Amino acid sequence: MFGAAVAAAVASAVGLGLIQHWDGMLRFAAVTVVLLLTRRARVPTGFVAAFAVLVLLAMWGSVQHWYAQVPHFDTVVHVLTPGSLAAVSYFLLVDARLLPDARETGRPVRGWAPVVWVGVVGTTAAVLWEYYEWVVEQISPQGMLVGYTDTVVDLLAGMCGSLVAGLLVLRWARRAGT
């Protein structure tokens, strides 16, 4: 599954480069690098697979303008992607020994740390994405038409999805720790 996602990212970058869609090519090249970094660490298969699929879907949605064409696509991506990114980053930091492993915690309060951490990081990722959208809108107003309501809905979606992702990390850790 993971190899297919990397191959799809590389093929997308090459294909978009061949038709001189430089912005899309660079996006998929970046996705390829990010996917390879996630695989280097011991991120559980389900989390890295979900992340790979969601990032590819989000990038193709951007390149093909699905955000404007497919109803609610924007909201679905904003619910799922920040939390997935935050969950993967949690496992990367655990692997690097920068965060405690939730499977090794003994105190109940500390056991909820992954939910808080993933929730906060995913929400921060959603905020950073909204900054990106604002910058693009300022530079190229015809390229991205967003407004206040879109921003608020995207932020709420990213926060809720991130908290759910944190709960999934905690559930995984409790199952893996037993």
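Computed from a predicted model, the values in this text were never measured in an experiment.
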Taken in chain and number order and not counting sequence neighbours, the residues that satisfy side chain to side chain contact (heavy atoms under 4.5 Å, CB included) with Leu93 are Leu98, Leu99, Trp117

Contacts satisfying salt bridge (charged side-chain N to carboxylate O under 4.0 Å, His left out) that involve residues 2-25 (not counting sequence neighbours) are Asp23-Arg27

Besides Val116, the hydrophobic cluster formed by Ile, Leu, Val, Met, Phe, Trp and Tyr side chains linked at under 4.5 Å, directly or via other members, contains Val120

What donor-acceptor contacts under 3.5 angstrom involve side-chain atoms of residues 28-37, with partners at least two apart or in another chain?
residue	atom	partner	partner atom	Å
Thr32	OG1	Phe28	O	2.9

Under the side chain to side chain contact (heavy atoms under 4.5 Å, CB included) criterion, do Tyr90 and Val121 qualify, and how do the steps go?
CA-CA 9 Å; Tyr90 168 79; Val121 170; over 6 Å; no

Relative to Trp112, does Arg171 satisfy both conditions: NZ or CZ under 6.0 angstrom from the six-membered ring centre, and within 45 degrees of the ring's axis? no

Residues pairing under side chain to side chain donor-acceptor pair (under 3.5 Å) where one sits in residues 152-164, two or more places apart or in two chains, turn out to be His78-Asp154

Review point. In terms of hydrophobic clustering (I, L, V, M, F, W, Y; side-chain heavy atoms under 4.5 Å; direct or indirect links), are Phe73 and Val76 co-clustered?
Key: no

With sequence neighbours left out, the residues meeting side chain to side chain contact (heavy atoms under 4.5 Å, CB included) with Gln69 are His65, Trp66

For Val152, the hydrophobic cluster (side chain heavy atoms closer than 4.5 Å, chained through members) also holds Tyr148

Connected to Leu163, directly or through other members, by ILVMFWY side-chain contacts below 4.5 Å are Leu156, Met159

Residues at least two apart in sequence or cross-chain that pass side chain to side chain contact (heavy atoms under 4.5 Å, CB included) with Ile19, listed by chain then number, are Leu16, His21

Original post:
Out of curiosity, does Leu168 fall in the hydrophobic cluster containing Leu80 (side-chain heavy atoms, cut-off under 4.5 Å, transitive links)?
Top reply: no

Validation: residues 44-60 side-chain donor-acceptor distances under 3.5 Å, sequence neighbours left out:
residue	atom	partner	partner atom	Å
Trp60	NE1	Ser12	OG	3.0

Residues 84-99 vs salt bridge (charged side-chain N to carboxylate O under 4.0 Å, His left out), sequence neighbours excluded, gives Arg42-Asp95

Subject >> Co-membership, hydrophobic cluster, residues Val6 and Phe91, 4.5 Å side-chain >> reply: yes

Note: Val169 and Ala87 closest approach over all heavy atoms is CG2-CB, 3.7 Å

Excluding Leu128, membership of its hydrophobic cluster (Ile, Leu, Val, Met, Phe, Trp, Tyr; side-chain heavy atoms within less than 4.5 Å) reads Val127, Tyr131, Leu155

Correct closest heavy-atom pair for Ala86 and Val118 would be CB-O, 3.3 Å

Report task. State whether the side chain of Ser84 and the backbone N or O of Thr81 hold a donor-acceptor pair below 3.5 Å, judged by distance alone. Result -> no

- Task: Using distance alone, with no hydrogens and no angle criterion, decide if Glu130 and Trp134 have a side-chain donor and acceptor under 3.5 Å apart.
- Result: no

